[in-house]
Amino acid sequence: MFPTMFPLATGQPFGALPVMPVQAMTQQATRHARRVYVGGLPPTANEQSVATFFSQVMAAIGGNTAGPGDAVVNVYINHEKKFAFVEMRSVEEASNAMALDGIIFEGAPVKVRRPSDYNPSLAATLGPSQPSPNLNLAAVGLTPGSAGGLEGPDRIFVGGLPYYFTEAQVRELLESFGPLRGFDLVKDRETGNSKGYAFCVYQDLSVTDIACAALNGIKMGDKTLTVRRANQGTNQPKPEQESVLLHAQQQIALQLMLQPGAVSTKVLCLTQVVTPEELINDEDYEDIMEDMRGEGGKFGALVNVVIPRPRPNEAAPGVGKVFLEYADIESATKARSGLNGRKFGGNQVIAVFYPENKFAQGEYDA
């Protein structure tokens, strides 16, 4: 019975224990230093897709220091907890892979860390424990030392952006919730074109979760926004923030009427200016019209002012909005800059461009 406990190699004398090949012993001893933990994987990830992706990006950044071929030799995925252990060919390649923290995999930023069984003191005797300083991280849209050029737990990942969105348009969308402390629209190094995702941090960190909740899942052209904390946190807005969230969602929905691309027009649509109740009385209505002509006329030649009124027992499209039609786009642009965010009757005005064809046809509910 005893010989069967240890399978014997051909020609091995009885009673001798099998000798593990030196290479196998080395692999086992270095595995803790050759593996990296990858967290925050999307549900669609599988062993093959993770192996292929990390082998490709390692080659792209010049991280394949063990010679030609794929850097990844093995992948284990925990689908329930959305993480993987990615095993590299060498200790040095695992160290180079650490520089990939925050890289976008299938539309999501992933965390790259050392696994819990990593032994720093032992690893130091096996090979370099820090990424090579010569890696070309820009080739995969990363900045050395901080993914996307921003750091901290309140860093927000914004994915699914239409490629035609300019940096200014993306900033404008994000600044609906407040000024930004940092912003980075990731661009292709060769062409300078947007890669369709960005990172940002708000000056007021309390709006982080509100912005994520309001923006995530919004349709933009043929794309859907993915907006969340870059560290994959799932914090939800607190109950006292719900009214702010609702207002923000309305604001964003209005801003996105103009797909594609928030194109400038000669017509401006204002919300948060009037309530339906204020428009019922004729005298009040005329006073509001006069105020709007006066305010709107400060920015250029005002052609028309339209304020839809409620109708008895009938739906009235556009009630609560104010439309300002200018003689040229330049005047409308000045008005948008001057009016957006201003307080009017205690409310903060939201000003967005409105499609000229819809305004001309009297379609005020777009």
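Being a predicted model, the structure only gives us computed values, none of them experimental. Counting begins at 1 with the first residue of the sequence.
Under the side-chain contact (heavy atoms from CB on, under 4.5 Å) criterion, Ala59 pairs with Asn64, sequence neighbours left out. Among residues two or more places apart in sequence or in another chain, the salt bridge (Lys or Arg N to Asp or Glu O under 4.0 Å) test is passed with Glu278 by none. Every residue two or more places apart in sequence or in another chain that forms a ring pair (Phe, Tyr, Trp, His ring centres under 6.0 Å) with Phe105 is listed here: Phe53. With sequence neighbours left out, the salt bridge (Lys or Arg N to Asp or Glu O under 4.0 Å) criterion links Glu295 to Lys298, Arg342.
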Candidate pair Lys195 and Ile104, rule side-chain contact (heavy atoms from CB on, under 4.5 Å), full reasoning: CA-CA 10 Å; Lys195 284 194 166 186; Ile104 305 302; over 6 Å; no
Step by step, work out the side-chain contact (heavy atoms from CB on, under 4.5 Å) result for Val267 and Leu324. CA-CA 6 Å; Val267 181; Leu324 305 178; over 6 Å; no
Taking it one step at a time, do Val75 and Val38 satisfy side-chain contact (heavy atoms from CB on, under 4.5 Å)? CA-CA 10 Å; Val75 174; Val38 179; over 6 Å; no
Could you walk me through whether Thr226 and Tyr197 pass the side-chain contact (heavy atoms from CB on, under 4.5 Å) check? CA-CA 9 Å; Thr226 298; Tyr197 63 93; over 6 Å; no
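Between Asn216 and Arg228 the shortest side-chain heavy-atom distance does not fall below 4.5 Å. Proximity of Met292 to Val274: side-chain heavy atoms (C-beta onward) are nowhere separated by under 4.5 Å. Between Arg229 and Asp209, the closest side-chain pair of non-hydrogen atoms falls below 4.5 Å. No side-chain heavy atom of Leu173 sits less than 4.5 Å from a side-chain heavy atom of Val158. In this structure, Val305 and Met289 have side chains that are in contact, with non-hydrogen atoms separated by less than 4.5 Å. At least one side-chain heavy atom of Pro317 sits less than 4.5 Å from a side-chain heavy atom of Arg311. A heavy-atom distance below 4.5 Å is found between the side chains of Leu339 and Phe299. Contact check for Arg35 versus Asn74: no side-chain heavy atoms found under the 4.5 Å cut-off.
Under the 4.5 Å side-chain contact rule for hydrophobic residues, Val57 and Val73 do not share a cluster. Taken together through direct or relayed side-chain contacts under 4.5 Å among Ile, Leu, Val, Met, Phe, Trp and Tyr, Ile329 and Phe323 form parts of separate hydrophobic clusters.
When every heavy atom of Lys266 is checked against every heavy atom of Glu356, the shortest pair comes out as N-OE2, 2.8 Å. Closest heavy-atom contact between Gly320 and Leu279: N-CD1, 4.4 Å. Val112 and Asp101 make their closest contact through N-OD1, 3.0 Å (heavy atoms, listed as atom of the first residue, atom of the second, distance). Closest of all the heavy-atom pairs between Arg336 and Ala351 is NE-O, 3.3 Å. Lys321 and Cys269 make their closest contact through CD-SG, 3.8 Å (heavy atoms, listed as atom of the first residue, atom of the second, distance). When all heavy atoms are compared, the tightest approach of Ala45 to Val50 is CB-CG2, 4.2 Å.
More than 12 heavy atoms of other shown residues, nucleotides or ligands fall within 6.0 angstrom of atom CD in Glu47. Around atom CD of Gln361, more than 12 heavy atoms belonging to other residues, nucleotides or ligands sit under 6.0 Å away.
Remark: the backbone N or O of Ser49 is not paired with any side-chain donor or acceptor of Thr52 at under 3.5 angstrom. Checked by atom type and distance alone, the side chain of Arg155 never pairs as donor or acceptor with a backbone atom of Val201 at under 3.5 Å. Put simply, the side chain of Arg309 gets close to the backbone of Ile280: a donor and an acceptor are under 3.5 Å apart. The backbone N or O of Leu185 lies less than 3.5 Å from no partner atom in the side chain of Glu167, so there is not a single donor-acceptor pair. In this structure a side-chain-to-backbone donor-acceptor pair under 3.5 Å is missing from Arg293 to Leu302. The closest donor-acceptor contact from the side chain of Tyr202 to the backbone of Ile156 lies at 3.5 Å or more, if one exists at all. Put simply, the side chain of Thr265 gets close to the backbone of Tyr354: a donor and an acceptor are under 3.5 Å apart. A donor-acceptor contact shorter than 3.5 Å links the side chain of Glu93 to the backbone of Thr65.
The pair Lys334-Asp328 does not count as a salt bridge, with every side-chain nitrogen at least 4.0 angstrom from each carboxylate oxygen.
Remark: Ser337 OG to Leu268 CG distance equals 9.5 Å, nearest 0.5 Å. Note: Ser132 OG to Glu92 CD = 7.0 Å, rounded to the nearest 0.5 Å. Between atom CD of residue Gln169 and atom CG of residue Leu161 there is a gap of 10.5 Å, rounded to the nearest 0.5 Å. The line from CG of Leu215 to CG of Leu225 is 6.5 Å long, rounded to the nearest 0.5 Å. Going from atom CG of Asn96 over to atom OG of Ser90 covers 7.5 Å, rounded to the nearest 0.5 Å. Atom-to-atom distance recorded for Arg31:CZ and Glu87:CD is 4.5 Å, nearest 0.5 angstrom.
Applying the salt bridge (charged side-chain N to carboxylate O under 4.0 Å, His left out) rule to pairs touching residues 63-82 yields nothing, sequence neighbours excluded.
Tyr37 belongs to a hydrophobic cluster whose remaining members, ordered by chain and number, are Tyr76, Phe83, Phe85; membership requires side-chain heavy atoms of ILVMFWY residues under 4.5 Å apart, directly or through intermediates.
Phe183 and Phe199 have their aromatic ring centers separated by at least 6.0 angstrom.
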